[in-house]
Number of protein chains: 2
Amino acid sequence: MRLSTRSHYGLKAMFDLAQNYGSGPIPLKTVAERQNLSDHYLEQLIAMLRKAGLVKSVRGAQGGYVLAREPSAINVGDIIRALEGPIAPVYCVSEKDPGSCDEADYCITRTVWARVRDGFTAVCDSISLADMCREAKESHKR
Amino acid sequence: MRLSTRSHYGLKAMFDLAQNYGSGPIPLKTVAERQNLSDHYLEQLIAMLRKAGLVKSVRGAQGGYVLAREPSAINVGDIIRALEGPIAPVYCVSEKDPGSCDEADYCITRTVWARVRDGFTAVCDSISLADMCREAKESHKR
DNA sequence: GGATATCATAGCATAACACTCGGGTATTGT
DNA sequence: ACAATACCCGAGTGTTATGCTATGATATCC
């Protein structure tokens, strides 16, 4: 099981924006430098996040990106879905468009994959950016 | 999030062997036909399962494959690991060889991926082939 | 010894991934 | 006005994984 680096980088970037939430728009270059990512590549990723309605952009000088909602209202699952598409361990149990499998009715393996998917999404949807910020604060104390 | 078809096909094949557990070795061609898979490709997959110690082979005429252990002692996680390698949403939290990330100590996103991984493995390791056989029997009643 | 199987390796077309590059457009401050 | 800043967009590219197919060798049973 593997996610692409899109999720990896995307979560880093979103976490960065969450930690700076309230300080106005943050230029992408700043995020890329802080998180040690290629800024050109990150641009493509943030475009996906913008189209998914997770971030808002402010163009021009002193512009940048801001979270579209409060950190507590954005969770890891949102980010993964925006960057990797609907969550599906195998195509026939895709979140979106269940996939047309003629064995769907009686296929036992299918129900297994559905449970695997649900276990995965349960975790992803239970962790918000706000949770991560809180955790970061606590780990910094020590 | 996506698994390759290896897991998809592999689970189907292993489930087939589980349902025929106790009837001696099953030739791969039979499994492939029943599960509607390319037998040549399945051969490669079962080789991986054999090397992982999940199935035993009997060569020659009247030969075939048998589960190496009882269906209750083989779970979905075993099969996925055999076919896809160690489970890791992102490289830095791989089950095997955690990956050398210099940010590992303080990286918050890393702890998130670890939780995602654990949620995933918890489900996979909780479903055995025996469970699937039982489920199949019950759904057949109806 | 022939039929039936597993075993092993190589090859190959397609697609996804992880970028880079080169521009264009909007906004701000001077 | 104009330059600097920063978002926006599409095309191109090397690498890797995927999902096969094909060919042949080896072992075992009857």
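Order of the sequence lines sets the chain letters (A, B, ...), proteins ahead of strands, with each chain counted from 1.
- Applying a 4.0 Å cut-off to non-hydrogen atoms, none of the residues of residues 2-25 of chain B approaches DNA chain C.
- Counting distance only, with no hydrogens placed and no angle test, the side-chain atoms of B:Glu43 and the base atoms of C:dC7 include a donor-acceptor pair under 3.5 Å.
- Listed by first and then second residue, the side-chain hydrogen bond (donor to acceptor under 3.5 Å, both in side chains) pairs that reach into residues 44-67 of chain B come to none, sequence neighbours excluded.
- Here A:Arg2 does not pair with B:Glu84 in a salt bridge; the nearest charged N to carboxylate O distance is not below 4.0 Å.
- Using a distance-only test at 3.5 Å, with no hydrogens or angles considered, no donor-acceptor pair links the side chain of B:Arg6 to the main chain of B:Leu45.
- Counting only distance, with no hydrogens or angles, the side chain of A:Asp78 and the backbone of A:Asn75 share a donor-acceptor pair below 3.5 Å.
- Side-chain N/O atoms of A:Tyr41 include none lying less than 4.0 angstrom from OP1 or OP2 on C:dC21.
- Contacts of B:Leu28 with the nucleic acid, taken as non-hydrogen atoms under 4.0 Å apart, involve only primed sugar atoms and P, OP1 or OP2.
- Taking every side-chain heavy atom of B:His40 into account, D:dT21 is the closest of D:dT21, C:dG29, C:dT6.
- In the model, B:Ser128 has a side-chain atom that pairs as donor or acceptor with a side-chain atom of B:Asp131 under 3.5 Å.
- Taking atom CG of residue A:Asp39 and atom C1' of nucleotide C:dT20, one finds them 11 Å apart after rounding to whole Å.
- A:Glu33 places its CD atom 13 Å from the P atom of D:dT5, with the value rounded to the nearest Å.
- Here D:dG19 presents its C1' atom at 12 Å from CE of B:Met48, a figure rounded to the nearest Å.
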(message) One pair to check against side chain to side chain contact (heavy atoms under 4.5 Å, CB included): A:Glu95 and A:Thr121. What are the steps and the verdict?
(response) CA-CA 10 Å; A:Glu95 281 183 324; A:Thr121 55; 3.3 Å; yes

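- OP1 or OP2 of C:dT20 sits under 4.0 Å from a side-chain N or O of A:Ser38.
- Put simply, NZ on A:Lys56 is 13 Å from P on D:dC8, counting in whole angstrom units.
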Distances for protein N or O near nucleotides 25-27 of chain D N or O, under 3.5 Å:
from, atom 1, to, atom 2, distance (Å)
D:dT26, O2, B:Arg59, NH2, 2.7

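- Judged by distance alone, the side chain of B:Arg69 and the main-chain N or O of B:Ala73 form a donor-acceptor pair under 3.5 Å.
- Rounded to an integer number of Å, the gap from B:Leu45 CG to D:dT18 P is 11 Å.
- Not one N or O on the side chain of A:Thr5 forms a donor-acceptor pair closer than 3.5 Å with the backbone of A:His8.
- Between the A:Gln35 side chain and the A:Tyr9 main chain, no donor and acceptor come within less than 3.5 Å of each other.
- Remark: A:Arg50 is in phosphate contact with D:dC9, judged by side-chain N or O atoms under 4.0 Å from OP1 or OP2.
- The CG-P distance, from B:Asn36 to D:dC20, rounds to 11 Å in whole Å.
- Partners of A:Glu135 by salt bridge (Lys or Arg N to Asp or Glu O under 4.0 Å), not counting sequence neighbours, listed by chain and number: B:Arg115.
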Under 3.5 Å, which N/O atoms of the protein pair with N/O atoms of nucleotides 11-13 of chain C?
none

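- We find that CG of A:Leu42 is positioned 14 Å from C1' of C:dT20, with the value rounded to whole Å.
- Checking side-chain atoms of A:Arg81 against main-chain N and O of A:Gly77 turns up a donor-acceptor pair under 3.5 Å.
- In this structure, A:Ile26 places its CD1 atom 15 Å from C1' of D:dC7, rounding to the nearest Å.
- Screening residues 31-41 of chain B for salt bridge (charged side-chain N to carboxylate O under 4.0 Å, His left out), with sequence neighbours left out, gives B:Asp16-B:Arg34.
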